[in-house]
Trainee: 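The structure's right below; bear with me while I get my questions together.
Numbering of ligands and ligand atoms starts at 1, following listing order.
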Amino acid sequence: MRNVLLVKYGEIAMRGKNRYLIENKLIWTIIKRLEKYSGYKVYKEQGRLLVVNEEGEFDYETVIPIVTKILGVVAVCPGVEFEDQSIESLRKHALAHFKEQYPDGNVSFKVVARRSDKRYPMTSNEIGADVGGYILHNMENLKVDVHNPDVTLMVELRNNAYVYSKLIKAYGGLPYGSSGKATVLLSGGIDSPVAAFLMAKRGVEIEAIYFDSPPYTSERAKQKVLDIAEKIAEYTGALKLYVVPFTDVQLKIYENTPPEKMTILLKRAMLKTAQKVAENNKSMGLVTGDSIGQVASQTMEAIRAIDSAAQMPVFRPLCAMDKQEIVDVSVKIGTYDISIRPYEDCCTVFVAKHPETKPKKSIIEAIEKKIDGLDELIDLSIENVKIYEF
Ligand code: ATP
Ligand code: MG
């Protein structure tokens with residue numbers, strides 16, 4: 001008998017021929033994340049994965065928070081694995097597991113059995129009823145509740161037998177890096193970290209870019225972004241962040257644009273710069289944290305006037321989410337507390353009092369064309385990029 005962690009994953013099963021590649025990616029990721037703890041191995045076991053420790057005790061407190069952050073994992077279940085599938089053995093291990101997990105027994109429960117070998121002398125229902133009866137007989141304070149139990153004890157017969165009773169939800173999605181690559185425009189705000197996470201959750205490998213405008217933006221504002229990148233890397237395994245010095249670009253726009261159009265031109269400059277970085281790192285698209293209607297530059301008109309600056313797709317995974325929904329995700333993934341630190345990512349000097357909410361694309365493009373040397377400043381900013389790796 002040994003302690004194991006069952007790892008459930010979802011959508012991969014639907015992906016036909018790619019399935020094995022993607023499963024292997026997930027296995028490899030789990031092995032890599034657990035590398036620094038000795039003895040952990042991962043096995044495939046009929047549509048799920050099995051993490052075991054072949055050298056010592058299974059340290060669930062360490063392993064569960066790591067594995068539940070791996071994108072593509074739907075849920076994990078701590079349990080035991082044993083060879084002997086006789087009904088006596090099932091009873092014994094189920095009772096031991098139950099006593100260990102719920103020592104005072106003050107819960108309602110049911111037992112659900114599953115068997116892959118249909119030659120087993122009892123049906124699944126008979127096994128469930130037998131094991132349930134045995135536990136009930138040997139513990140006090142227990143109640144059976146087949147409709148809405150506190151605890152569902154699973155007994156599964158496969159190549160080996162498994163008993164488990166807790167299902168800890170993870171994020172689901174697809175294994176990181178199984179869906180191509182994109183570059184995320186990452187600010188220190190609440191939104192773009194969530195956008196980055198949601199793309200990563202769909203399997204998209206991400207790199208991030210932050211536009212830094214010292215002295216108009218502070219060192220602490222930049223530190224926020226570094227801390228956010230580090231947090232996102234807990235899910236993605238690693239993250240590259242390009243910090244692009246943007247002060248000169250920003251000043252150039254400031255000096256040559258009517259204030260109410262400034263934000264749109266600045267956002268266009270960001271997209272143009274990000275696209276050049278993205279092309280160099282083989283990204284297939286850009287990602288921003290825009291949500292429709294949230295601020296002046298996030299109306300449909302503004303987004304249209306901004307988007308024509310880029311020749312690659314610009315993904316906006318938050319576009320249809322409400323602020324509260326975005327906040328909920330950011331709290332869950334742990335970026336919220338960093339994002340609400342009070343250092344602004346853009347100086348108030350560059351924010352117009354009355355930004356235009358319905359800019360005309362053609363007018364914006366005409367103004368931009370007339371700004372002498374803007375493209376050169378953008379190229380220069382990329383030459384001076386500083387790269388951080390998490
Ligand atoms: P966030 O919460 O992500 O900061 P926001 O609600 O403040 O977004 P804006 O400031 O209009 O909205 O920014 C919209 C998007 O533009 C951001 O989500 C981000 O993707 C990108 N962005 C804005 N400022 C920067 C910056 N300094 N560096 C990198 N990306 C930026
Ligand atoms: Mg912001």
Trainee: Closer than 4.0 Å to some heavy atom of Gly289 - which atoms of ligand 1 meet that?
Mentor: 17 (C), 18 (O), 20 (O)
Trainee: Give the single entry among Ser187, Ala208, Pro193 that approaches atom 1 (P) of ligand 1 most closely by any heavy atom.
Mentor: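 Closest candidate by heavy-atom distance is Ser187.
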Trainee: Please report whether the ring centroid of Tyr176 lies less than 6.0 Å from that of Tyr235.
Mentor: no
Trainee: Using a 3.5 Å cut-off on N or O atoms only, is Phe211 in polar contact with ligand 1?
Mentor: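 Yes; the residue has a nitrogen or oxygen that sits under 3.5 Å from a nitrogen or oxygen of the ligand.
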Trainee: State which residue, out of Lys267, Arg316, Lys361, fulfils the salt bridge (Lys or Arg N to Asp or Glu O under 4.0 Å) condition with Asp307.
Mentor: Arg316
Trainee: For ligand 1, which atoms, with element, lie under 4.0 Å from some heavy atom of Gln298?
Mentor: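 In order of numbering, the contacting atoms are 9 (P), 11 (O), 12 (O), 14 (C).
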Trainee: Using a strict 4.0 Å cut-off to heavy atoms of Tyr210, name the atoms of ligand 1 that fall inside it.
Mentor: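 Once the distances to Tyr210 are compared, the set is 27 (N), 28 (N), 29 (C).
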Trainee: Between Lys222 and Glu219, is there a side-chain N and carboxylate O pair less than 4.0 Å apart?
Mentor: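 So Lys222 pairs with Glu219 through a salt bridge.
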Trainee: With heavy atoms of Gln294 as the reference, note each atom of ligand 1 found under 4.0 Å away.
Mentor: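 Here the atoms of ligand 1 in question are 6 (O).
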Trainee: What is the ring orientation for His93 with Phe82, classed by angle as parallel under 30°, tilted 30 to 60°, or perpendicular over 60°?
Mentor: parallel
Trainee: With heavy atoms of Ile209 as the reference, note each atom of ligand 1 found under 4.0 Å away.
Mentor: 29 (C)
Trainee: Check each atom of ligand 1 against the heavy atoms of Gly189 and keep those under 4.0 Å away; list them by number with element.
Mentor: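 Counting atoms of ligand 1 from 1, those under 4.0 Å from Gly189 are 1 (P), 2 (O), 4 (O).
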Trainee: Measure the NZ-CD1 distance between Lys240 and Ile209 for me, rounded to the nearest 0.5 Å.
Mentor: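 So the NZ of Lys240 and the CD1 of Ile209 are separated by 12.0 Å.
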Trainee: Parallel, tilted or perpendicular: which fits the ring planes of Tyr102 and Phe98, with parallel below 30° and perpendicular above 60°?
Mentor: tilted
Trainee: Which option out of Met270, Lys323, Gln250, Lys222 puts a heavy atom nearest to atom 22 (N) of ligand 1?
Mentor: Met270
Trainee: About how many Å separate CG of Asp337 and OG1 of Thr335, when rounded to the nearest 0.5 Å?
Mentor: 9.0 Å
Trainee: Contact between ligand 1 and Thr217 is defined here as a heavy atom of the residue under 4.0 Å from a ligand atom; is it met?
Mentor: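 The answer is no: ligand 1 sits nowhere under 4.0 Å from a heavy atom of Thr217.
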Trainee: Determine whether the side chain, the backbone, both or neither of Val225 has a heavy atom under 4.0 Å from any heavy atom of ligand 1.
Mentor: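 No part of Val225 comes within reach of ligand 1.
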Trainee: Which of the numbered atoms in ligand 1 are under 4.0 angstrom from any heavy atom belonging to Thr288?
Mentor: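 Numbered from 1, ligand 1 contributes 20 (O).
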Trainee: If you round to the nearest 0.5 Å, how far is OH of Tyr210 from CG of Leu185?
Mentor: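 Answer for the CG-OH pair, Leu185 versus Tyr210, is 12.0 Å.
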